[in-house]
Asker: 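Take this structure, written in structure tokens, and hold onto it; I'll ask about it next.
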Protein chains: 2
Amino acid sequence: MRFTIKDIAREANVSIATVSRVINNKNEGMSLETREKILNIMKKHNYVPSSLARSMITKKTNIIGLILPDINNPFFPGIVRGAEDAANSYGYNIILCNTDDNPEKEKTYIEILKEKCVDGMIYTSTLNPIDENLQLFKRHKIPTVFVDRIVESDDIPFIFTDGKKGMFKIVEYLIQNGHKEIAYIAGEKKSQFNHSRLEGYKSALSKYNIPLNQNLIFMGDYKLSGGKRCMESLLDLKEKFSAVACENDLMAIGALEMLNDRKIKVPREISITGYDNIFLTNVTSPKITTIAQPIYEMGYKAMELLIKIVNKDNDPVDNKIILEPELVIKDSVWKRGD
Amino acid sequence: MRFTIKDIAREANVSIATVSRVINNKNEGMSLETREKILNIMKKHNYVPSSLARSMITKKTNIIGLILPDINNPFFPGIVRGAEDAANSYGYNIILCNTDDNPEKEKTYIEILKEKCVDGMIYTSTLNPIDENLQLFKRHKIPTVFVDRIVESDDIPFIFTDGKKGMFKIVEYLIQNGHKEIAYIAGEKKSQFNHSRLEGYKSALSKYNIPLNQNLIFMGDYKLSGGKRCMESLLDLKEKFSAVACENDLMAIGALEMLNDRKIKVPREISITGYDNIFLTNVTSPKITTIAQPIYEMGYKAMELLIKIVNKDNDPVDNKIILEPELVIKDSVWKRGD
DNA sequence: TTGAAAGCGATACCAG
DNA sequence: CTGGTATCGCTTTCAA
């Protein structure tokens, strides 16, 4: 049997109320004597209070649910780590849930987390979010912060890194280095996300009066294989191009592999850019010029924001956070003057 | 206020006992009528039972704690994913804790998880485990499965992949391809783990009557930078060697970078091997020959084993699991006959 | 400075 | 087939 507050009370010849005071450091006006006595008994028995019982009363579990597609996706460990660090420093813990971009699984997890009485949730939606699940957050009245994949939803706090601006920056960088025919490898067609990246591409071209060539836009899948496939299609095309902007690093790496296979020199013959700045881009050859999202920071700030909301810190928190992407110049772009 | 079992009972004009029966599908002999009525009320109010309250009675939270050094280390997402999948399919959830190889942090997490009343823990120790923390598992009587970094501890179940055998396999592979002077880049000196890998190296040499040359053994840090540094030291050495076996992939990649910097051809001039088969090794050039640990499987089986123990499934489970490492041949080893 | 007792939201046992 | 009630381990008034 578990050693409980009752047992301590009995052994110390005091009431459980007194023990509770010691546990919670409510010492104002307590005899040092009894305090010491109780503390000793607790230590002797390795007593650890049950947060279960406590939570029943306080209505707080200090647990936050993290819902995301797949921790194996190299994008997410950073988010999780940031979130966990923040959680830890505020006295919270995280329950991790992988949805595999499957709305059914996602729904189940939301329900489970509600059951577990989490204080809040951090949520990166499936690629094709369904409204039913989004409603769930509101219906269950669980404070939630959306991360990265933002769904237009008026009143739910969110944090993400500006994808349009990021892609704009890197395409502008290509243009400034003399590239005019710039191909584009996009992610999933079906997804409503990262259209913003495509927009960034278009707006950069437009700013420099470069006509948009639809033939140079290919549809990948955010995976290595997709990048490879798209690159192959591009090469088999008759169109001319000197650079390829990819919507994420994995596809850029896939594209790079294809170019290597075909003995095409990067960046001398064709330049490549990625997006996300995953570690991988530092060990390919050449290293891939890309856009860094402040991933860790996103996770950290998401958690901080959530905790503030949970605790109703009254200073009205800014609950729509947009972080700035950063251009990370490496070696995969042929530069004017090289 | 939360909508509870009481509210349902009131609204349905039944006792909470009856409602509880519905919640738990104990239908044997219950009027379909009341069942339906209750079900409807539950649906109408989006009722979700509080597992907190339930756990207080059942003494089960269906939560498992995962303690590991750092989810950002590319080795761990696979473990976590495997563990989470298994947990999910048995109706459990996981709380994730990053220790940063810091025993203090680790201790705190163990205590917190005890507080949260997790049903069990999966534990990858810090590089330098301290006995005090190991005792904690026993003292708190929380079922625990040790993963990957195994501490000699008689009675605690564990699962890992045989490091000695893995390193033996890959060094033997080098030898069979004509290499005789094989350098070795080890991990942390202080760590008690992966001595087994070094043993594997030695036993392979010994089997083929190759004398051990201590000058060819360098001490890294399991990181890219350490691999790079060690490689540099090796090159500055006067000793001859044709191959370098690294204790993990990151160091192998670091070593590879150094060789690239020095314009030394891999594998033509020097062969490199890694260990772990992280995704990275497929995108370096050349791709790195390495040893694959069944990472996902390790996580999955660890969780399965733990859950069996938690549920005291009476079939005496085999609670010492050793998995077989696999040689994954890629392009970083110069082969006899090439 | 301390204690008694109510109550958090469920489960489970014993009655009827 | 259904209800009453003790109970889980703790926090929190209110009194003393």
Side-chain angles (χ1 to χ4, degrees), chain A residues 1-39 41-42 45-63 111-112 114-119 140-141, chain B residues 1-39 41-42 45-63 111-112 114-119 140-141:
Chain A
M1 287 304 339
R2 183 181 248 272
F3 189 77
T4 76
I5 196 173
K6 263 188 199 163
D7 303 308
I8 302 179
R10 191 179 318 117
E11 192 165 333
N13 268 314
V14 296
S15 73
I16 59 170
T18 302
V19 179
S20 175
R21 284 185 194 103
V22 174
I23 294 173
N24 294 286
N25 278 315
K26 310 217 166 149
N27 301 321
E28 346 139 353
M30 253 200 72
S31 91
L32 259 172
E33 212 175 346
T34 48
R35 223 185 88 80
E36 282 300 313
K37 184 169 59 177
I38 291 170
L39 243 26
I41 296 176
M42 283 173 36
H45 292 273
N46 301 305
Y47 172 75
V48 176
S50 156
S51 55
L52 237 42
R54 173 181 295 150
S55 294
M56 286 221 51
I57 298 181
T58 61
K59 310 293 189 204
K60 288 209 50 189
T61 52
N62 282 35
I63 298 178
E111 299 284 353
I112 290 176
K114 167 71 179 177
E115 251 187 57
K116 298 264 196 255
C117 306
V118 297
D119 293 339
H140 285 321
K141 300 198 187 72
Chain B
M1 290 301 338
R2 185 180 246 272
F3 189 78
T4 76
I5 196 172
K6 265 187 196 166
D7 302 308
I8 301 178
R10 191 179 319 117
E11 192 166 332
N13 269 313
V14 296
S15 73
I16 59 169
T18 302
V19 179
S20 177
R21 283 183 195 106
V22 174
I23 294 172
N24 294 287
N25 279 315
K26 309 216 165 148
N27 301 320
E28 346 137 353
M30 252 200 73
S31 92
L32 259 172
E33 214 175 346
T34 49
R35 223 185 89 81
E36 282 299 314
K37 184 168 59 177
I38 291 170
L39 244 25
I41 296 176
M42 284 173 36
H45 293 272
N46 300 305
Y47 171 76
V48 177
S50 155
S51 56
L52 280 183
R54 174 181 294 150
S55 294
M56 287 220 51
I57 299 183
T58 60
K59 309 289 188 213
K60 287 209 53 190
T61 53
N62 282 37
I63 297 178
E111 299 284 354
I112 290 176
K114 167 72 180 177
E115 253 187 56
K116 298 264 196 257
C117 307
V118 298
D119 293 340
H140 286 321
K141 301 199 188 70

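Chain naming here is simple, since letters A, B, ... match the order of the sequence lines and numbering starts at 1 in each.
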Asker: Is any side-chain heavy atom of Val48(A) closer than 4.5 Å to one of Glu111(B)?
Answerer: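 A side-chain contact under 4.5 Å exists here.
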Asker: For dT2(C), take OP1 and OP2 only and decide whether either is under 4.0 Å from a side-chain N or O of Thr34(A).
Answerer: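 Answer yes for this pair, as a side-chain N or O of Thr34(A) is under 4.0 Å from OP1 or OP2.
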Asker: Rounding to an integer number of Å, can you tell me how far Lys37(A) NZ sits from dT2(C) C1'?
Answerer: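 From Lys37(A) NZ to dT2(C) C1': 11 Å.
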Asker: Between Ser31(B) and dC1(D), is there a side-chain N or O to OP1/OP2 distance below 4.0 Å?
Answerer: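 No, outside the criterion.
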Asker: Could you please spell out the steps behind the side chain to side chain contact (heavy atoms under 4.5 Å, CB included) verdict for Arg21(A) and Thr34(A)?
Answerer: CA-CA 11 Å; Arg21(A) 284 185 194 103; Thr34(A) 48; over 6 Å; no
Asker: Can you tell me how far SG of Cys117(B) sits from CG of Leu52(A), rounded to the nearest 0.5 angstrom?
Answerer: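 One gets 4.5 Å once the value is rounded to the nearest 0.5 Å.
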Asker: Under the 3.5 angstrom rule, does the side chain of Lys116(B) hit a backbone N or O of Thr61(A) as a donor-acceptor pair?
Answerer: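 Yes; judged by distance alone, with no hydrogens or angles, the pair exists.
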Asker: For Asp7(A), report the nucleic acid contact type (base, sugar-phosphate, nothing); a contact means any heavy atom under 4.0 Å.
Answerer: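 It contacts nothing in the nucleic acid.
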Asker: At 4.0 Å (heavy atoms only), tell me whether Ser55(A) reaches a base, stays on the sugar-phosphate, or touches nothing.
Answerer: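 The residue Ser55(A) makes no contact with any strand.
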Asker: Determine to 10° how strongly the helix from dT1(C)-dA16(D) to dG16(C)-dC1(D) is bent, judged from the axes of its five-pair ends.
Answerer: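 About 40° separates the two local helix axes.
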Asker: To the nearest Å, give me how far apart NZ (Lys60(B)) and C1' (dT11(C)) are.
Answerer: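 Spelled out: NZ on Lys60(B) to C1' on dT11(C) is 15 Å.
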Asker: Minimum heavy-atom separation for Ile38(A) to Val14(A), with atom names?
Answerer: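 That would be CD1-CG2, 4.0 Å.
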Asker: Are any side-chain N or O atoms of Ser15(A) and backbone N or O atoms of Thr18(A), one a donor and one an acceptor, separated by less than 3.5 Å?
Answerer: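 It does hold such a pair.
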Asker: What orientation do His45(B) and Phe3(B) show, parallel under 30°, tilted 30 to 60°, or perpendicular over 60°?
Answerer: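 Ring orientation of His45(B) relative to Phe3(B): parallel.
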Asker: Can you tell if the side chain of Arg35(A) reaches within under 4.5 Å of the side chain of Asn25(A), non-hydrogen atoms only?
Answerer: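 Yes; the side chains approach each other to less than 4.5 Å.
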Asker: Strictly under 4.0 angstrom, non-hydrogen atoms only: write out the protein contact profile of nucleotides 5-16 of chain D, one letter per nucleotide from the 5' end, B, S or -.
Answerer: B--BBBBB----
